[in-house]
Structures are given as C-alpha cells and as structure tokens.
There are 2 protein chains.
Amino acid sequence: MGKGTRGHAQPARRWAAASEEGDVAAVDGRVRRSRDRVLTTAFELLSESGVGGFTVDEVARRSGVAKTTIYRHWPSREALVIDAASRISAEQEVPDTGSLEEDVMAILANLGYLLGTARWSSVVPSIVDVAERDPEFAGIHGRIQRGHAAPLRKVIERAAGRGLISATADPATMVSALIGPLYYRRWFSREPIDDQFVKTIVSNVISSHRATGVRGRGPHA
Amino acid sequence: MGKGTRGHAQPARRWAAASEEGDVAAVDGRVRRSRDRVLTTAFELLSESGVGGFTVDEVARRSGVAKTTIYRHWPSREALVIDAASRISAEQEVPDTGSLEEDVMAILANLGYLLGTARWSSVVPSIVDVAERDPEFAGIHGRIQRGHAAPLRKVIERAAGRGLISATADPATMVSALIGPLYYRRWFSREPIDDQFVKTIVSNVISSHRATGVRGRGPHA
DNA sequence: TCTGAACGCTACGCTACCGTAGCGTAGCGA
DNA sequence: TCGCTACGCTACGGTAGCGTAGCGTTCAGA
C-alpha cells in the first residue's frame with residue numbers, strides 16, 4: 001500500500017497524527033521531507049516558547065518550509081501543535097533484574113535524568129496548562145502521562161503478581177508516590193534531582209509496601 | 001499616612017504589588033474600589049483562561065472598569081497579570097498537635113482539598129508554564145511555591161528540632177515526598193485525591209523517617 | 001519530453017489585542 | 001461653590017498572527 005492509494009486519498013484528511021504515519025502522507029519523498037522538517041522545527045519551537053508562543057509563521061521561518069505548504073499538510077495551527085506535541089513519547093524499556101527495588105531505581109534514575117535534559121520536559125508544563133481547559137489536549141496529555149508511567153506501572157504490577165508486594169498496596173498509589181516527588185522537583189520546587197534523592201524516594205516507597213513475614217511497615221497501626 | 005502622602009506620590013509608580021497595599025494606592029475610596037474590582041476580575045479570568053488567554057480588554061468588559069482606567073493603575077498587561085497571580089497565597093496555619101503524623105496529615109488533607117476546589121489550582125499550571133521561560137514569573141512562582149510548602153516545612157523542622165526525626169532525614173526530601181504525589185494527581189495523572197491516598201502517603205513518609213530505638217525503617221540495608 | 005503533484009512566494013483580508021489621546025463627567029473635600 | 005482628581009467613553013495607531021488566493025517553479029515518473 002502507499003503509492004497505490006494516492007488517487008483515492010481525500011486531500012482534506014491528508015494530515016494525520018504522528019502515530020499513524022506511513023499511510024497516505026508517505027507518497028512522495030518531498031512530502032516526507034517537508035513533514036519531518038516542519039514537525040521537528042515545530043517541536044523545537046514548542047519546547048522553547050510553549051504552546052502560547054507557538055506560531056505557524058515562526059515555524060515557517062525556521063524550517064524554511066513555506067507557510068502555505070504547512071497549511072497544505074495541517075488544517076490549522078492547532079492541528080500542528082497537537083501533532084508536534086504528540087512527539088513526546090517515552091518508549092522506555094521495562095527492566096527485569098529480579099529485584100523490584102533495582103528495577104524501579106533504574107526507571108526513576110533515568111526519568112530524573114531525562115527531566116533535567118530532554119526537550120520535552122519544558123513542553124510538558126504547556127501541555128498541562130492547556131489540558132486544564134481544552135479537552136482535546138487533555139486527551140493528549142493523558143496519553144503522554146500514561147506512556148511515561150507505563151514502565152513503572154508494569155514493573156510494579158509484575159512484582160505484585162509475583163507476590164513481592166503487600167496485598168493491601170495499591171500500584172496507582174505507588175506510582176504517584178514515586179513519580180510525584182520527581183515531577184515536583186522539576187516543575188515546582190525546581191530543586192535538583194540527584195541520585196541520592198531518587199534513592200531515598202525509591203527505598204522508602206518500596207520498603208513501605210514490601211510483602212514480608214517480618215512486617216516492613218513502620219509502627220503506628 | 002495615606003491621604004497626606006498624595007501630593008508626593010510619583011504617579012508612574014502608583015501601581016504596586018498586592019503585597020504592599022495600604023500605601024499610596026489607598027488614597028481614595030474610588031481608587032480602592034476600582035483596584036479591587038479589577039484584581040478580582042483579573043484573578044477570575046486568569047483561573048478560567050490561563051495566562052495565555054488573559055486580555056486587558058476582557059478584564060475591562062467583565063469588571064465594568066474602563067480599559068483606560070486599568071492602564072492608569074497598571075503600566076502593562078504583564079503588570080496586571082503579575083499582580084493578579086500574586087493573589088495566590090496560602091496563609092495556612094501551622095498545626096501543633098504534638099504528633100508529627102497528625103500535623104502533616106492535617107496539612108496535606110487540607111492541601112488535597114484545596115487542590116480540588118480552590119481557584120488558584122487551575123492558575124498554577126499557567127504560572128509554571130510561564131515561569132519555565134520568564135525569570136520574573138519564575139520569581140513569583142518560587143514565592144507561591146515556598147508559601148505553599150512553608151507550613152509543612154515548618155512542622156517537619158520543628159519535629160526535627162524535637163528529635164523526632166532520624167538524623168539522616170532531609171526535610172526538603174520529605175517535603176517533596178509528601179507534596180509531590182498530591183501535585184502529581186492533581187495536574188498529571190488527574191486521579192482523585194482522597195483521604196485514603198493522603199493517609200498512605202503520609203504514614204509511609206513519616207514512618208520511613210522516624211527516629212526510634214526500634215528501627216521504623218524497613219529491612220534491606 | 002511531457003505532465004501533474006507538491007512546493008515557494010507575495011500579497012492579502014480579517015481579527016484580536018496592546019497601549020494611548022483627547023475630552024467630557026462624577027465625586028469629594030475645602 | 002470651586003477645583004482637583006479619578007473615572008468613563010470613543011476612537012485611534014500599531015502589531016501580530018491566522019488562514020487563503022493566485023501564480024510561478026521544481027521535481028519525479030511515465
């Protein structure tokens with residue numbers, strides 16, 4: 001498929017989310033190049049200026065792709081923003097060392113590192129802000145969010161399946177307790193996220209929820 | 001003060017941050033009324049539309065105060081936004097029940113409630129977003145942030161002074177571990193913040209850092 | 001070589017918003 | 001009553017951004 005479908009494609013629906021690439025849009029080499037250049041530039045601009053400072057004219061200037069061409073691929077500024085924002089995807093591996101604590105530590109250390117270096121970390125606040133009022137962006141935000149939490153969740157649920165976690169423990173609560181502090185430091189308190197911090201968070205959460213004969217939980221009920 | 005200082009005031013610096021009220025601006029009853037109406041409306045608009053959707057024209061329309069009058073009080077749109085945003089202040093009491101866990105629980109339960117109901121909770125993402133790129137807003141955000149964390153920090157440091165907390169525990173880390181999960185649920189995962197959740201977070205963090213002869217920490221190192 | 005799709009370029013029309021000028025009016029104290 | 005100050009109103013000038021029209025150009029495949 002691909003080339004053969006050219007004649008039947010509806011031009012109005014030519015633009016598509018980044019997730020469904022490889023269909024109609026990949027007809028021509030030029031198309032692909034333009035699309036990629038625009039999307040890359042758009043994502044850069046998004047991380048620099050946020051959703052509010054994002055303009056099609058600026059994308060056109062930086063990418064070298066004519067504004068008219070951009071509008072031939074995306075029906076509106078919003079569509080382009082959405083498409084660019086959808087590039088935030090984690091695609092992280094799920095470690096399996098046998099030790100829950102080590103697995104979690106690996107994931108969170110990597111997350112902490114990304115929060116300090118990756119471009120998307122400066123885009124997220126914009127997404128969160130817009131999502132607060134725009135349902136469509138709320139959907140995008142939800143997907144990004146679940147994507148970022150997925151490896152952690154998987155590791156925890158796997159450990160639960162293996163009986164390594166207290167039966168009363170709730171995986172969702174553990175995820176919040178683990179990721180929350182890192183996000184907090186990155187976007188709210190703006191404190192650095194060092195390994196010592198991550199280690200403290202991880203070991204506290206894990207040990208609080210460990211399933212053992214010897215009660216791993218503290219005193220006081 | 002007040003009336004007598006009228007003649008000496010520099011009109012260009014008449015506008016002032018909300019925190020320093022009661023000086024020059026409080027000269028006339030009319031002035032105060034206008035200022036309050038504008039600021040209240042501005043804050044409302046901010047919580048509805050975010051910093052990006054905030055326009056002086058809209059504030060004028062809603063408040064019934066003429067746009068020219070607004071510009072007589074604030075030199076620019078930005079100044080008004082800053083002034084309105086500065087209204088986010090917690091002014092929360094610092095409980096002292098004698099039990100660290102109860103004090104922390106009280107603070108966090110209240111915070112969780114506010115996150116779900118207070119207007120400012122929908123303004124915060126905007127502030128965070130702008131602060132990501134604007135140093136002036138970063139300052140505002142820092143002040144708001146420290147204000148929100150202050151009661152918790154105070155309670156924890158007081159407990160540390162009383163020797164109730166492990167010597168190796170870091171108050172800043174504990175604050176992140178406590179507030180982070182709540183913020184995470186409000187703005188990222190969008191899960192509800194119920195008392196059970198808060199209780200779990202609190203008891204885990206507290207018991208992990210408790211100073212006792214009987215080791216309150218879990219096994220594993 | 002021919003043809004058509006995709007792209008570039010210029011120039012728009014339109015809207016929203018910022019911030020200001022100018023002038024008339026209302027309130028309040030002396 | 002007089003005079004000062006703050007306020008309201010209309011009307012701007014200016015800018016920025018969205019999205020489109022029209023037309024010429026480039027490129028790749030048949």
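A, B, ... follow the sequence lines: proteins, then strands. Residue 1 opens every chain.
- Residue B:Arg33 contributes atom CZ, which lies 12 Å from atom C1' of C:dA26 at whole-angstrom precision.
- Rounded to whole Å, the distance from CG on A:Asp57 to C1' on D:dT20 is 13 Å.
- Going from atom CG of B:Leu80 over to atom P of C:dG19 covers 10 Å, rounded to whole Å.
- Among the nucleotides C:dC7, D:dC7, D:dT10, the one closest to any side-chain atom of B:Thr69 is D:dC7.
- Side-chain contact check for B:Thr41 and B:Arg62: no donor-acceptor pair (N or O, by modelled atom type) lies under 3.5 Å.
- Atoms CD1 (A:Ile70) and P (D:dG17) sit 14 Å apart, rounded to a whole Å.
- The pair A:Asp129-A:Arg133 meets the salt-bridge criterion, since a charged nitrogen lies less than 4.0 angstrom from a carboxylate oxygen.
- One can place CZ of B:Phe54 at 11 Å from P of C:dG19, the figure rounded to the nearest angstrom.
- B:Glu44 and B:Thr40 share no side-chain donor-acceptor pair at under 3.5 Å.
- Regarding A:Arg37, its CZ atom lies at a distance of 13 Å from the C1' atom of C:dA6, rounded to whole Å.
- Using a 4.0 Å heavy-atom criterion, one finds that B:Gly64 contacts the sugar-phosphate atoms exclusively.
- Between the CZ atom in B:Arg77 and the CD1 atom in B:Ile82 there is a gap of 10.0 Å [rounded to 0.5 Å].
- The distance between atom CH2 of B:Trp74 and atom C1' of C:dC18, rounded to the nearest whole Å, is 17 Å.
- The base of C:dG19 sits with one of its N or O atoms less than 3.5 Å from a complementary donor or acceptor on the side chain of B:Lys67.
- For B:Arg61, the listed nucleotide lying nearest its side chain is C:dC17; candidates were D:dC18, C:dC17, C:dC18.
- Taking 3.5 Å as the limit, the base of D:dC9 and the side chain of B:Thr68 contain a donor-acceptor pair of atoms between them.
- Look at B:His73 and you'll find a side-chain N or O under 4.0 angstrom from OP1 or OP2 of D:dC7.
- Judged by distance alone with a 3.5 Å cut-off, no donor-acceptor contact links the side chain of B:Arg72 to the base of C:dG19.
- Separation of the B:Phe188 and A:Trp187 ring centroids falls under the 6.0 Å cut-off.
- The side chain of B:Arg77 lies closest to C:dC18 when the candidates are C:dC7, D:dC7, C:dC18.
- Nucleotide D:dA16 holds its P atom 12 Å from the CD atom of A:Glu58, rounded to whole Å.
- Nearest nucleotide to the side chain of A:Ser76, out of D:dG19, D:dG8, C:dC18: D:dG19.
- Of the candidates C:dC18, C:dC7, D:dT20, the closest approach to any side-chain atom of A:Ser34 belongs to C:dC7.
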